[in-house]
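Just below is one structure, and these are the notes that go with it.
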Amino acid sequence: MTRNNFAGPNSFTLCSLIENRYNTGHTLMRIIITGARGFAGAHLGNALTARNHTVLGIDDLSAPSGNPVRFPIKIGKARSLKGDLLKDTDVLIHLAARINVDESILEPSLYFTENVGDTLELLETVRRHAPRIKFIYASTSEVYGSGDNSPMSEVHPLRPASPYAVSKLAAEQLCANYRDIHGLDMTIARNFNTFGEYQRDGMYGGVIPKFVSQGLAKKPITVFGDGTQSRDYMHVSQAINGYIMATEGRMPALFNCGSGQSHRIIDIAKAIAKKFHVPITHHEPRPNEVQYLCVDCRLAQKHGYPVTTDFWAMLDSYCDWRKEPQSSPHEFAHLA
Ligand code: UDP
């Protein structure tokens with residue numbers, strides 16, 4: 001059988017739960033990823049494929065990354081996933097979502113329709129057709145809102161500060177309800193900010209690829225407000241590590257992932273401005289801006305999640321990667 005030639009439920013089934021004794025020692029699984037053509041989804045699908053799992057991606061192609069994928073993609077929304085397909089699946093990783101704070105302020109109903117409504121429909125399909133599937137929900141540190149200058153653990157108060165954050169928290173709480181009421185096998189990953197190869201830039205992209213694109217275009221770096229707001233950035237490979245560990249049953253039911261270091265946006269802007277020899281301009285602050293995010297991920301660490309803290313070196317290497325033409329999937333050297 002060609003491992004990733006997804007020809008229907010049977011080919012998927014045959015790969016299920018075969019002990020991969022001759023390779024890495026983990027159990028081989030059939031995995032569906034929603035949002036699999038996006039930034040994290042494409043990296044994750046490729047990494048799971050490299051570990052010999054059988055991956056099928058679902059994506060509506062609303063924000064595809066340029067990262068070539070090594071697994072099949074079915075085009076559609078997460079809510080269009082059919083029960084028949086889920087029945088033959090071991091793990092469902094639900095990444096598909098609208099993810100930009102600024103866009104959510106302009107288009108809140110879009111965020112509720114897609115982030116909350118689609119998650120609810122997916123949960124219902126799982127409850128009816130695949131109640132024993134492992135369901136992994138990709139949440140976000142935005143559910144915490146601003147921290148008080150100390151690292152934020154999973155029990156930090158939840159103060160979502162944007163429609164995006166509220167929509168992710170609502171969907172997360174629906175996931176927890178389905179676990180508590182219907183007994184679904186649910187894992188919730190709260191990732192802090194992520195950056196890396198093939199991340200979306202532009203108006204609604206992440207701030208780091210956006211700043212680098214501005215640098216490459218010799219345009220000023222656009223800092224919102226004074227830039228003293230700070231974020232905990234991890235390279236995307238770290239987020240992928242967390243998802244892989246959750247997929248393989250090595251993470252607790254709710255966990256934070258991040259680096260444990262918070263960097264001010266103005267300092268990131270200065271580093272990128274220096275690298276590309278461009279100025280910085282300040283724009284209106286984002287309304288209700290989250291001022292401080294910093295992860296306490298000791299819980300994940302206890303389960304073997306490796307934290308890396310060399311943000312500035314990784315940022316530099318990402319800037320260099322952006323200078324070169326890109327055409328191949330990005331490989332990660334160190335996966336947990
Ligand atoms: N930001 C900025 N300039 C931009 C885009 C974003 O200064 O052109 C800031 C934004 O206000 C926030 C930070 O960068 O403080 C991270 O924004 P992003 O949207 O990447 O992530 P999130 O707000 O979800 O943490």
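All residue numbers refer to positions in the sequence shown, counting from 1. Note that ligands are numbered from 1 as they come in the structure, with each ligand's atoms numbered from 1 the same way.
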Discussion item. Just to be sure I read this right, does ligand 1 sit under 4.0 Å from the backbone of R231, its side chain, both, or neither, counting only heavy atoms?
Written reply: side chain
Worksheet item: V223 heavy atoms, cut-off 4.0 Å: which ligand 1 atoms fall inside?
Response: 7 (O)
Worksheet item: Under a 4.0 Å heavy-atom limit, does V101 contact ligand 1 with its side chain, its backbone, both, or neither?
Response: side chain
Fill in: Nearest-0.5 Å distance that lies between atom CE in M251 and atom CG in N241
8.0 Å
Practice prompt. Examine the proximity of ligand 1 to N193 and report which part, side chain or backbone, both or neither, has a heavy atom under 4.0 Å away.
Written response: side chain
Worksheet item: Closest non-hydrogen protein atom to atom 13 (C) of ligand 1, residue and atom name please, with distance?
Response: I265 CD1, 3.6 Å
Practice prompt. Could you tell me whether some N/O pair between Y233 and ligand 1 is separated by less than 3.5 angstrom?
Written response: no
Worksheet item: What orientation do W321 and Y198 show, parallel under 30°, tilted 30 to 60°, or perpendicular over 60°?
Response: perpendicular
Discussion item. Looking at non-hydrogen atoms alone, which of E284, R286, Q291 comes nearest to atom 19 (O) of ligand 1?
Written reply: R286
Worksheet item: So which bit of F211 gets within less than 4.0 Å of ligand 1, heavy atoms only: side chain, backbone, both or neither?
Response: side chain
Discussion item. Please check if the number of heavy atoms outside K74 that lie under 6.0 Å from its NZ is greater than 12.
Written reply: no
Worksheet item: Near G206, which atoms of ligand 1 are under 4.0 Å from a heavy atom of that residue?
Response: 20 (O)
Worksheet entry | ligand 1 atoms in contact with E142 (distance to a heavy atom under 4.0 Å) | 22 (P), 23 (O), 24 (O), 25 (O)
Worksheet item: Is it the case that more than 12 heavy atoms not belonging to K218 sit under 6.0 Å from its NZ atom?
Response: yes
Practice prompt. On the 0 to 90° scale, with breaks at 30° and 60°, tag the F39-H43 ring pair as parallel, tilted or perpendicular.
Written response: perpendicular
Practice prompt. Compare every heavy atom of Y292 with every heavy atom of D148, then report the nearest pair and how far apart it is.
Written response: N-CD2, 4.3 Å
Fill in: Ligand-side contact atoms (ligand 1) for residue partner K210, heavy atom cut-off under 4.0 Å
4 (C), 5 (C), 8 (O)
Worksheet entry | Protein heavy-atom partner closest to atom 3 (N) of ligand 1 - residue, atom, separation in Å | T222 O, 2.6 Å
Item to complete: Name the closest protein heavy atom to atom 20 (O) of ligand 1, giving the residue it belongs to and the distance to 0.1 Å.
Response: V207 N, 2.9 Å
Worksheet entry | Those residues that, when tested against K82, pass salt bridge (Lys or Arg N to Asp or Glu O under 4.0 Å) (two or more places apart) | none
Worksheet item: Considering residues, nucleotides and ligands other than I268, do more than 12 of their heavy atoms fall under 6.0 Å from its CD1?
Response: yes
Worksheet item: Does F195 offer a backbone N or O that forms a donor-acceptor pair with the side chain of N193 under 3.5 Å?
Response: no
Practice prompt. Check whether the ring centres of H263 and F311 lie less than 6.0 Å apart, and answer yes or no.
Written response: yes
Item to complete: Look at atom 7 (O) of ligand 1 and say which protein heavy atom is nearest, naming residue and atom and giving the distance to 0.1 Å.
Response: F224 N, 2.8 Å
Discussion item. Checking a contact table here: which protein heavy atom is nearest atom 11 (O) of ligand 1, and how many Å away?
Written reply: E289 OE2, 2.5 Å
